[in-house]
Amino acid sequence: AGDARLNPAVPAVTPAALILVVTALMTFGLVMIASATISLDRPLLGANFLHTPAGRQAVFVAVGLVLMGLTFRFSVWALASPRICRWAPPILFAVASLLLIAAFLPGFADPRRGSSRWLSLSPVGLDFGVQPSELAKLALVAVLAWLVAGNNRLKPALPAGRGADPRSLKRVFLPAAVMTGLCIGLVGKENLGTAVLLAAVAGLMLTVGGCNFLHLTALAGAGIAGLTGLLFAAPYRLQRIIAFQDIWADPQGKGYQPIQSLTSIASGGWLGVGLGAGIQKFGYLPESHTDFIFAIVCEETGLLGGGLVMMLFCAFAWMGMRIMLAAVTPFERMLAFGITMVVSLQAAMNIAVVTVSIPTTGVPLPMLSAGGSGLLTVCIGVGLLAAISERSRRAAAGRLGSGR
């Protein structure tokens, strides 16, 4: 079962506790989406409920919970399979890369979205689009964990500070740099915020994985240069940074959304104006049910509700780190770390944007913002995290074998 310090007899985190925190976030998000998209001229639970943002999100939450459970059950067995652990990560990365490329091809991109970050599912009879960049997050984490774990991905995990195997330039770092650069380049062309998130997660995973410091420094320099190039490739991105320096210089233009976000937060006070009683969602705050849902949370539930959301994300991050430390194999450890960082850093970035602590990035709040692609991907990731936790529990109890 590995080192006793990394696989305690009674793990601090159970799969049920992790799933409970995630379910609480998704449920609260569903309530806030319903409130943020409420209309004065129709009832919320009318005949067309499933065609409203809240109705669609309710379907996504239900599907996500089922997907989470199925992923959990399958992964407990799959993580013990040498063949699956060997081939699944690179295949997933290849599929995600092809989907990212397809989003730029005529006939595949969703023309209703106005950008190449969406794939249309209308050819298969579905009237909605998906974001390949959401799958790319999970795919990059999986392939980096696969590379860092190397030939020891099914061997017992070693204590912190002792690498699972030697970190060679050719076997780990160069393939990781190429795959990370490809993923960030394809994602960053249309979504710089997600590209920055992927760069941060990749850097943290390679650092924790024990890669050479000089190699990491070189990669960081190349990453900064690449992200700077993406920044100047689209003029509106640079304008956002300029507007962030003084949001009051253009209150009806580039500074409008940050100002309205701060207005929403300030008007909520300690306890909020009441669920459903907010006014910023009625055309004042753009993207109130997606990227800026946290501002509506603060307006209607106050510091109490906003603080609760942040506490739940902190609980998720703490659980993810505990699961990582108790992981049975190097691959599972790095996979748990990567999934935890993706969700936690994305939440931190979104809240920082909403509170005007950083420029607007277009990154949604995981599990709370409206949208199906991100929610379903997070559910798959949580299912994997829960499976890693369950395997560590079984290892501590001496019942780890076939995965059943």
Side-chain angles (χ1 to χ4, degrees), residues 25-39 44 50-61 63-64 103 110 112-119 127-135 137 187 190-197 236-237 240 256-265 268 275-276 278-301 305-306 309-310 313 342-343 345-356 358-379:
L25 282 167
M26 291 194 298
T27 302
F28 189 73
L30 181 58
V31 172
M32 293 311 305
I33 290 169
S35 176
T37 57
I38 193 171
S39 175
L44 176 63
L50 293 180
H51 296 282
T52 65
R56 290 194 295 270
Q57 192 70 11
V59 173
F60 289 138
V61 168
V63 173
D110 192 339
R112 298 170 299 177
R113 304 288 181 171
S115 71
S116 297
R117 71 175 69 176
W118 293 88
L119 273 177
D127 189 27
F128 60 85
V130 297
Q131 292 192 73
S133 59
E134 296 296 336
L135 179 62
K137 297 174 187 176
V187 171
E190 290 293 334
N191 192 336
L192 181 60
T194 301
V196 172
L197 172 65
Y236 74 90
R237 294 171 178 168
R240 286 180 175 179
Y256 178 80
Q257 193 166 27
I259 291 173
Q260 293 303 317
S261 180
L262 291 178
T263 301
S264 301
I265 296 172
L275 187 63
I279 62 172
Q280 289 293 107
K281 59 197 176 188
F282 293 117
Y284 296 100
L285 177 63
E287 308 296 336
S288 60
H289 66 294
T290 53
D291 295 354
F292 283 77
I293 187 71
F294 186 72
I296 302 301
V297 170
C298 293
E299 180 188 13
E300 299 191 352
T301 65
V309 169
M310 289 189 287
F313 276 115
V342 164
V343 177
L345 289 181
Q346 182 174 333
M349 287 178 62
N350 178 271
I351 293 175
V353 166
V354 172
T355 56
V356 197
I358 62 174
T360 303
T361 61
V363 174
L365 186 58
M367 294 174 276
L368 270 81
S369 294
S373 301
L375 182 67
L376 297 181
T377 303
V378 168
C379 287

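For the single chain, residues carry numbers from 1 onward in sequence order. Everything numeric here is computed off the predicted structure, so don't read it as measured data.
- Counting heavy atoms from C-beta on, the side chains of Phe60 and Leu30 never come closer than 4.5 Å.
- Between Pro258 and Val356, the shortest heavy-atom contact is O-CG2, 3.7 Å.
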Stepwise side-chain contact (heavy atoms from CB on, under 4.5 Å) check, Val59 with Leu50: CA-CA 8 Å; Val59 173; Leu50 293 180; 3.9 Å; yes
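- Between Ser264 and Tyr284, the closest side-chain pair of non-hydrogen atoms is not below 4.5 Å.
- Formation of a donor-acceptor pair under 3.5 Å by the Arg56 side chain with backbone atoms of His51 is found in this model.
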Step-by-step side-chain contact (heavy atoms from CB on, under 4.5 Å) determination, Leu25 to Phe313: CA-CA 8 Å; Leu25 282 167; Phe313 276 115; 4.0 Å; yes
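- At least one side-chain heavy atom of Leu197 sits less than 4.5 Å from a side-chain heavy atom of Lys137.
- A distance of 8.5 Å separates OG of Ser369 from CD of Gln57, quoted to the nearest 0.5 Å.
- Side chains of Leu275 and Val31 form a contact here, defined as non-hydrogen atoms less than 4.5 Å apart.
- To the nearest 0.5 Å, atoms CD (Gln260) and OG (Ser288) are separated by 11.0 Å.
- When every heavy atom of Pro132 is checked against every heavy atom of Ala103, the shortest pair comes out as CG-CB, 4.4 Å.
- Atom CG of Leu368 is separated from atom CG of Leu375 by 10.0 Å, given to the nearest 0.5 angstrom.
- Thr361 has its side chain out of reach of Leu192: every pair of non-hydrogen atoms, C-beta onward, lies at least 4.5 Å apart.
- Distance check, rounded to the nearest 0.5 Å: CD1 of Ile351 to CD1 of Ile358 gives 10.5 Å.
- Considering every non-hydrogen atom in both Val354 and Ile265, the closest pair reads O-CD1, 3.7 Å.
- Residues Ala36 and Ile293 share a closest heavy-atom pair of CB-CD1, 4.1 Å.
- Within the 4.5 Å cutoff, no side-chain heavy atoms of Pro364 are placed close to those of Thr290.
- At least one donor-acceptor pair under 3.5 Å links the side chain of Asn350 to the backbone N or O of Asp291.
- Tyr256 approaches Gly283 most closely through the heavy-atom pair OH-O, 4.0 Å.
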Trace of the side-chain contact (heavy atoms from CB on, under 4.5 Å) decision for Met26 with Cys379: CA-CA 10 Å; Met26 291 194 298; Cys379 287; 3.8 Å; yes
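- When side chains are defined from C-beta on, Thr52 does not count as touching Thr37, because their heavy atoms never get closer than 4.5 Å.
- Two residues are said to be in side-chain contact when any heavy atoms from C-beta on lie closer than 4.5 Å; Val297 and Phe28 meet this criterion.
- Here the rule is salt bridge (Lys or Arg N to Asp or Glu O under 4.0 Å) with Lys281, and of Glu299, Glu300, Glu287 only Glu300 fits it.
- Note that CD1 of Ile296 is 10.5 Å distant from OG1 of Thr301, once rounded to the nearest 0.5 Å.
- Using modelled atom types, one finds no donor on one side chain facing an acceptor on the other under 3.5 Å when comparing Thr360 with Gln257.
- Contact between Arg237 and Asn191 at its shortest, heavy atoms only, is NH2-N, 3.8 Å.
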